[in-house]
Protein chains: 2
Amino acid sequence: MTTGREAILGIMAQSAEHLSAEDIYIRVHEQKPSIGLTTVYRTLELLVSIGMVAKFDFGDGRARFELLQGPKCVKYHHHLVCTGCSRIIEYSDFIAEEISILESIQAKLSKKYDFVITNHLVQYCGLCAKCCTEKKSGTEQLTEDQRVLA
Amino acid sequence: MTTGREAILGIMAQSAEHLSAEDIYIRVHEQKPSIGLTTVYRTLELLVSIGMVAKFDFGDGRARFELLQGPKCVKYHHHLVCTGCSRIIEYSDFIAEEISILESIQAKLSKKYDFVITNHLVQYCGLCAKCCTEKKSGTEQLTEDQRVLA
DNA sequence: TCGTTAATGGTAATGGTTGTCATTTACATT
DNA sequence: AATGTAAATGACAACCATTACCATTAACGA
Ligand SMILES: [Mn+2]
Ligand SMILES: [Mn+2]
Ligand SMILES: [Zn+2]
Ligand SMILES: [Zn+2]
């Protein structure tokens, strides 16, 4: 354990969730300017490999990371993602009923296909209310543009 | 609908699943060399936007696509992914019990958070039997190397 | 303090994906 | 069939998150 790794873990423990590697780099850099972006990537890779950090892809072209251990950490991270604005809602209301069935299926899959299953991913994708109305008005504007050109 | 789009759809209908954009480009190029990679990307984007094709990220750095409509297409694509060799198993055995609870939760999430939810993603991640043994022996070799150097 | 190994950081390279723009195609109209 | 217009296309360049490289530095036990 080095000072750089401690600083990165500290940032992840106190910051909001779903940070990108660059997000973390910027915050770590503020309090310890000697740390480079490469080290952030390497540390995150290490933390993911030992199961201390989860890596997600929400479709916006960069990976997102969140701490799995420590206070105010939840075991399961199921997400509701807006494909319009990349807003992420981490719901916990209906997790319980999901978990039991997911774990049951995990056991069956592991046995049938001879896999060592380490984790799973559940993600709902759609549009939030704001993006939904924007998309509608956006479509209207597009047809107006087409009429102007016609 | 253009000839290029028809060719791409034809390839996706008859090929194995989980093709990357370049996979599709290579196959389309064989039977229609005039089609470029850019058109493949643009067509896939279009097909995804109208819900005819699903786009997945299995963590190997490139997007994967599969047709959602037509014969031999299933409605739900839940995957078991090996993080070692990127092998993908599309299981269908235990889907039924998943679907009902996922749809129930989708309805609750949609109502509570005011989202229009278009699809969801379920993915189990782990190591297949082959990669699991390789990883163990790989670790042993690594320690042997360390001993040789020591 | 010293020595060895692992970690680091700056920078270049990688590679999937997207942007640009001149040219071609599709298709409705004549 | 010929024509006109908007959409689609393809070659190429640009983008950008991530990774590779390598000389330098930090960690840590002796
Ligand atoms: Mn989360
Ligand atoms: Mn599939
Ligand atoms: Zn949104
Ligand atoms: Zn494998």
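Below, chains carry the letters A, B, ... as their sequence lines are ordered, and counting in each starts from 1. For the numbers below, each heavy atom of this structure counts, side chains included, while hydrogens, waters and symmetry mates do not.
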Can you pull out the residues from residues 4-34 of chain A that lie within a 4.0 Å heavy-atom distance of DNA chain C? A:Arg5, A:Ser34
What's the separation between atom CD1 in A:Ile24 and atom CG in A:Leu19, rounded to the nearest 0.5 Å? 5.0 Å
Is the centre of the B:Tyr124 ring less than 6.0 Å from the centre of the B:His78 ring? no
Is B:Phe65 linked to B:Tyr76 within one hydrophobic cluster, defined over Ile, Leu, Val, Met, Phe, Trp and Tyr using a side-chain heavy-atom separation of less than 4.5 Å? no
Flag yes if B:Ile99 and B:Val74 sit in one hydrophobic cluster, no otherwise; membership is Ile, Leu, Val, Met, Phe, Trp, Tyr, and two members link when side-chain heavy atoms are under 4.5 Å apart. no
Could you check which residues of residues 37-61 of chain A get a heavy atom under 4.0 Å from DNA chain C? Sort them by number, please. A:Thr38, A:Thr39, A:Arg42
Whether over 12 other heavy atoms sit under 6.0 Å from B:Glu22 CD: no
Can you figure out which of D:dA8, D:dA27, D:dA17 approaches the side chain of A:Thr3 most closely? D:dA27
Can you find a pair of side-chain heavy atoms, one from B:Leu9 and one from B:Leu47, that are under 4.5 Å apart? yes
So, A:His18 versus A:Glu90: side-chain donor-acceptor pair below 3.5 Å or not? yes
Ring pair (Phe, Tyr, Trp, His ring centres under 6.0 Å) between A:Phe115 and A:Tyr113, intermediate numbers included: CA-CA 6 Å; A:Phe115 263 63; A:Tyr113 296 106; 7.2 Å; no
